[in-house]
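Presented below is the structure to which this report refers.
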Amino acid sequence: MLNYWLIKSEPSSFSIEDLKAKPQQTDMWDGVRNYQARNIMMQEMKTGDRAFFYHSNANPPGIVAVVEIVSKEAYPDPSQFDKASKYYDPQSSVEKPRWYLVDVKFIQDLPFTSLESVKSNPKLKDMKLVQKGSRLSVQPVTHEEWNEIMKMTQSHVHSQQ
DNA sequence: GCCAACGTTGGC
DNA sequence: GCCAACGTTGGC
């Protein structure tokens, strides 16, 4: 069964425009260095799942697009072995990698849905995104939450016309 | 740039 | 295994 997710990126380091500029508009979701987020990618994400692309540390922060998980499964994040990378992890090894990633592909832009508007929608009050202290950069989204946000993006379109 | 909240590390 | 110290995230 298809599952939904939300993945965060700081646009100053990797924005949705950066993803769209990649070959096949696809890239490795590298640099995740949190076990909970890694475990979601390793154990729960499946090919064909969809995710909201969220711009964190942005002005304003919010959801900007839909992407799809396209790798067959999670595989070791090469940046952990790269001494020149800021994601280099000296405690990891090729024999026993610590960090895994999936490939994501751009699907479509969405009318911008701000964090503020998600917070102000009572139907979305249980989203991880709006829970106090929640910083998880790869997080699950329920079907209900997904549909509600899609509905919000539609209402944006109408109100702008 | 500040800082609250959270995760990780490492001494003991 | 506790927990203080430190590092990071991310909204504001």
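Each chain gets a letter, A, B and so on, in the order the sequences are listed, and its residues count up from 1.
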(request) Assess whether side-chain hydrogen bond (donor to acceptor under 3.5 Å, both in side chains) is satisfied between A:E148 and A:N121, documenting all intermediate values. (result) CA-CA 9 Å; A:E148 182 61 22; A:N121 185 336; 2.9 Å; yes
(request) Check whether any side-chain heavy atom of A:L19 sits under 4.5 Å from a side-chain heavy atom of A:F14, and report yes or no. (result) yes
Collect all protein-nucleotide pairs involving nucleotides 8-12 of chain B in which both atoms are nitrogen or oxygen and the distance is under 3.5 Å.
none

(request) Scan residues 124-141 of chain A against DNA chain B and write down, sorted by residue number, each residue with any heavy atom closer than 4.0 Å; if none is found, say none. (result) A:K132, A:G133, A:R135
(message) Quick check on the hydrophobic clustering: are A:Y35 and A:M41 connected, directly or via other members, by side-chain heavy-atom contacts under 4.5 Å?
(response) no
(request) Can you measure from OG (A:S85) to CG (A:D30) and round to the nearest 0.5 angstrom? (result) 7.0 Å
(message) In terms of relative ring orientation, are A:W146 and A:Y4 parallel, tilted or perpendicular, with 30° and 60° separating the classes?
(response) parallel
(request) Would you mind checking if A:K20 and A:D109 are paired as a salt bridge, meaning a charged N to carboxylate O distance below 4.0 Å? (result) yes
(message) Is it the case that the ring center of A:F53 lies less than 6.0 angstrom away from the ring center of A:W5?
(response) no
